[in-house]
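In what follows, a single structure is set out as structure tokens and then discussed.
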Amino acid sequence: MAMNALAATSRNFRRAARLLGLDSKLEKSLLIPFREIKVECTIPMDDGTLSSFVGFRVQHDNSRGPMKGGIRYHPEVDPDEVNALAQLMTWKTAVAAVPYGGAKGGIGCSPGELSRSELERLTRVFTQKIHDLIGTHTDVPAPDMGTNAQTMAWMLDEYSKFHGHSPAVVTGKPIDLGGSLGRDAATGRGVMYATEALLAEYGKSISGSTFVIQGFGNVGSWAAQLIHERGGKIIALGDVTGSIRNKAGIDIPALMKHRNDGGALKDFHSAEVMDSAELLVHDCDVLIPCALGGVLNKDNAPDVKAKFIIEAANHPTDPEADEILAKKGVIVLPDIYANSGGVIVSYFEWVQNIQGFMWDEEKVNNELEKYMSSAFQHIKAMCKSLDCDLRMGAFTLGVNRVARATLLRGWEA
Ligand SMILES: NC(=O)C1=CN([C@@H]2O[C@H](COP(=O)(O)OP(=O)(O)OC[C@H]3O[C@@H](n4cnc5c(N)ncnc54)[C@H](O)[C@@H]3O)[C@@H](O)[C@H]2O)C=CC1
Ligand SMILES: O=C(O)CCC(=O)C(=O)O
């Protein structure tokens with residue numbers, strides 16, 4: 001059973017605060033969110049009935065810049081989860097050294113069961129309810145699980161009705177509306193750069209390693225394609241519909257075609273169906289969770305066989321699992337670094353919108369690689385000076401930068 005997401009995230013924060021020797025009042029203050037918004041979104045359904053959905057936006061911290069983070073559409077969205085994800089965004093933007101704070105939002109709904117027009121109405125009503133609390137220089141949403149560039153296009157359009165054309169109010173937009181080249185692939189590309197950097201530390205490479213990936217949405221499918229392109233062998237893969245494996249390596253371009261043609265993973269011709277409960281404990285070199293939080297917990301951590309875990313999802317590993325994995329010698333690359341490619345390219349998109357000047361994709365990808373590489377070097381330096389693991393290296397790096405900004409602005413207990 002997974003721990004409560006907020007309890008798990010706060011536990012990691014407190015460990016980092018203690019390692020840094022933070023003042024206890026500052027520690028308490030950094031944990032408390034700036035603002036928590038809850039709205040009822042009532043929309044007419046296609047069949048003429050009315051349905052109501054609860055939407056959240058938690059704005060955690062703005063000491064380093066406008067708050068930033070995705071909007072999730074998922075049935076399990078709840079206030080604690082959104083709070084935890086908003087807090088993670090604050091440390092993530094600081095680790096990545098992009099000038100933002102942290103926020104996250106979500107609506108409790110099953111996007112796969114809503115029609116396109118129902119999703120559009122829901123997104124527009126949600127935006128109407130929060131439009132005066134977000135903005136280019138206050139809080140900038142982006143896609144997360146269950147949302148995509150189209151969701152951002154509707155948010156942009158609805159927000160612009162109140163405030164005038166404002167492309168920089170959301171990132172992860174369609175290119176035609178000011179989206180950045182490379183943003184769609186950015187989180188998966190960042191995961192690939194992070195994996196390369198970590199494996200190199202151990203004298204290994206993507207091309208000599210086997211991979212298991214959970215989640216084949218935006219992050220999982222891009223990570224899989226880019227790892228496959230570099231010669232990595234993806235031997236098992238799963239999504240919410242089921243899991244597949246092939247010892248010789250799954251043909252990812254063929255699987256992409258199969259999925260884009262509307263096929264389910266389990267119907268892919270050149271792999272065998274496997275039990276999804278076995279996916280995370282499948283033998284491999286590198287395990288990459290790219291779906292939900294809390295999937296690695298005290299129940300399955302003892303059976304994990306991977307040597308490295310790259311956290312492409314947000315908070316996939318419970319602190320209890322962390323302890324078990326550490327004893328087994330499994331190296332975990334934490335979410336607030338491993339999946340930061342998305343928010344880094346969101347920052348590039350925002351900069352391009354503000355400047356009114358579009359970058360080519362090569363520049364986006366080169367800059368992303370530089371930011372990922374620099375963050376990794378800074379995390380390693382923290383690990384060395386504080387004698388801690390990668391999660392604490394990343395947390396202390398992020399928390400220290402936020403604490404410094406808070407103090408410089410004139411914080412008083
Ligand atoms: N989209 C982005 O830019 C970023 C996303 N993330 C995180 O990455 C993760 C995935 O996000 P996206 O790829 O954007 O979402 P998505 O909605 O595009 O894809 C989610 C994937 O997870 C799978 N999934 C859902 N429930 C599952 C379950 N119970 N078991 C196995 N698979 C399951 C879905 O089938 C789908 O393949 C989330 O934790 C998100 O917060 C982190 C940073 C940025
Ligand atoms: O691109 C962004 O602004 C945020 C992406 C996000 O929600 C995340 O990194 O978890």
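Values below: every heavy atom of this structure, side chains too, minus hydrogens, waters and symmetry copies.
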Thr396 side chain to Gly393 backbone, donor-acceptor under 3.5 Å: yes

N/O donor-acceptor pair under 3.5 Å between Gln214 side chain and Pro289 backbone: no

Tell me, do Leu280 and Lys305 make a side-chain contact under 4.5 Å, heavy atoms counted? no

Within the distance-only criterion (no hydrogens, no angle test), does the side chain of Ser207 pair as donor or acceptor with the backbone N or O of Ser205 below 3.5 angstrom? no

Are the side chains of Ser29 and Trp411 in touch, meaning some heavy atoms are under 4.5 Å apart? yes

Looking just at side-chain N and O atoms, do Asp46 and Ser115 make a donor-acceptor pair shorter than 3.5 Å? yes

Does a side-chain heavy-atom distance below 4.5 Å link His131 with His163? yes

Measure from the side-chain N and O atoms of Arg57 to the backbone N and O of Ile130, and report whether any donor-acceptor pair falls under 3.5 Å. no

For the pair Lys129 (side chain) and Glu40 (backbone), establish whether a donor and an acceptor sit closer than 3.5 Å, ignoring hydrogens and angles. yes

Side chains of Arg35 and Val58 in contact at under 4.5 Å (non-hydrogen atoms): no

Side chains of Pro253 and His228, heavy atoms from C-beta outward: is any pair under 4.5 Å? yes

With a 4.0 Å cut-off, would you call Arg116 and Glu120 a salt bridge? no

Nearest 0.5 Å, please: how far is CE in Met145 from CZ in Arg72? 5.5 Å

Distance-only donor-acceptor check, side chains Asp184 and Asn218, under 3.5 Å: yes

Let me see the working for Met45 and Leu50 under side-chain contact (heavy atoms from CB on, under 4.5 Å), right down to the final yes or no. CA-CA 6 Å; Met45 305 298 280; Leu50 272 190; over 6 Å; no

Thr123 side chain to Glu158 side chain, donor-acceptor N/O pair below 3.5 angstrom: no

When you compare the side chain of Val332 with that of Arg391, does any pair of heavy atoms fall below 4.5 Å? yes

Nearest 0.5 Å, what's the NZ-CG distance between Lys104 and Asp139? 12.0 Å

List the steps, then state whether salt bridge (Lys or Arg N to Asp or Glu O under 4.0 Å) holds for Glu369 with Arg189. CA-CA 9 Å; Glu369 189 168 11; Arg189 185 175 294 278; over 6 Å; no

Passes side-chain hydrogen bond (donor to acceptor under 3.5 Å, both in side chains), Asp157 versus Ser160? Steps please. CA-CA 5 Å; Asp157 186 64; Ser160 297; over 6 Å; no

Does Arg230 pair with Glu196 as a salt bridge, N-O distance under 4.0 Å? yes

For the pair Val212 and Ile288, evaluate side-chain contact (heavy atoms from CB on, under 4.5 Å) and give the outcome as yes or no after the intermediate values. CA-CA 6 Å; Val212 168; Ile288 314 189; over 6 Å; no

Heavy-atom distance under 4.5 Å between the side chains of Ile250 and Ile235, does that happen here? no

Ion pair Glu323/Arg11, N-O distance below 4.0 Å: yes

Would you find a donor on one side and an acceptor on the other, under 3.5 Å apart, between the side chain of Ser63 and the backbone of Ala405? no

Would you name the heavy atoms of Phe348 and Leu368 that are closest together and state the gap between them? CE1-N, 3.6 Å

Donor-acceptor under 3.5 Å (Asp61 side chain, Thr90 main chain): no

Are any of the side-chain heavy atoms of Leu199 and Ser209 separated by less than 4.5 Å? yes

Ile244/Glu272 under side-chain contact (heavy atoms from CB on, under 4.5 Å): CA gap, chis, key distance, verdict: CA-CA 5 Å; Ile244 53 173; Glu272 99 187 63; over 6 Å; no

Can you label the angle between the Tyr347 ring and the Trp350 ring as parallel, tilted or perpendicular, going by 30° and 60°? tilted

Which value, rounded to the nearest 0.5 Å, describes the distance between Ile336 atom CD1 and Thr93 atom OG1? 9.5 Å

Do Glu349 side-chain atoms and Gly172 backbone N/O form a donor-acceptor pair below 3.5 Å? yes

Quick one: does any side-chain atom of Asn148 pair with a main-chain N or O of Thr151 as donor and acceptor, under 3.5 Å? yes

More than 12 heavy atoms of other groups within 6.0 Å of Arg15 CZ: no

Rounded to the nearest 0.5 angstrom, the OG-CG distance for Ser340 and Asp335 is 10.0 Å

I need the minimum non-hydrogen distance between Val191 and Ala312, along with the two atoms involved. CG2-CB, 3.7 Å

Gly242 versus Leu265, closest heavy-atom pair with distance: O-CD1, 3.7 Å

Do Thr9 and Gln87 have a side chain donor and acceptor closer than 3.5 Å? no

Looking at every non-hydrogen atom in both residues, tell me the closest pair between Asn339 and Lys92 and how far apart they are. OD1-NZ, 2.7 Å

Would you confirm whether the ring centroid of Tyr202 sits within less than 6.0 angstrom of the ring centroid of Phe308? yes

Glu36-His60 side chain donor-acceptor pair, cut-off 3.5 Å: no

Taking CD in Glu362 as the centre, count heavy atoms belonging to other residues, nucleotides or ligands within less than 6.0 Å. Is the count above 12? no

Within 6.0 angstrom of Gln355 CD, more than 12 heavy atoms from elsewhere: yes

Sequence neighbours excluded - side-chain hydrogen bond (donor to acceptor under 3.5 Å, both in side chains) pairs with any residue from residues 275-298: Thr210-Asp285, Ser243-Ser276, Asp285-Lys307

Count the heavy atoms of every other residue, nucleotide or ligand shown that sit under 6.0 Å from NZ of Lys161, and state whether that count exceeds 12. yes

Residue pair Val39, Phe56: steps toward the side-chain contact (heavy atoms from CB on, under 4.5 Å) verdict: CA-CA 6 Å; Val39 292; Phe56 303 95; over 6 Å; no

Euclidean distance, Ser270 OG relative to His258 NE2, rounded to 0.5 Å: 9.5 Å

Are side-chain N/O atoms of Arg183 and Ser346 paired as donor and acceptor at under 3.5 Å? yes

Lys173 and Leu177 have their tightest heavy-atom pair at CE-O, 3.5 Å

Taking the six-membered ring for Trp, is the centroid-to-centroid distance between Phe13 and Phe395 below 6.0 Å? no

Enter the distance from Ile71:CD1 to Thr127:OG1 here, rounded to the nearest 0.5 Å. 7.5 Å

Taking all non-hydrogen atoms of both residues, which atom of Met274 and which atom of Ala236 are closest, and how far apart? SD-CB, 4.0 Å

For Lys328 and Val304, indicate whether the former's side chain and the latter's backbone hold a donor-acceptor pair under 3.5 Å. yes

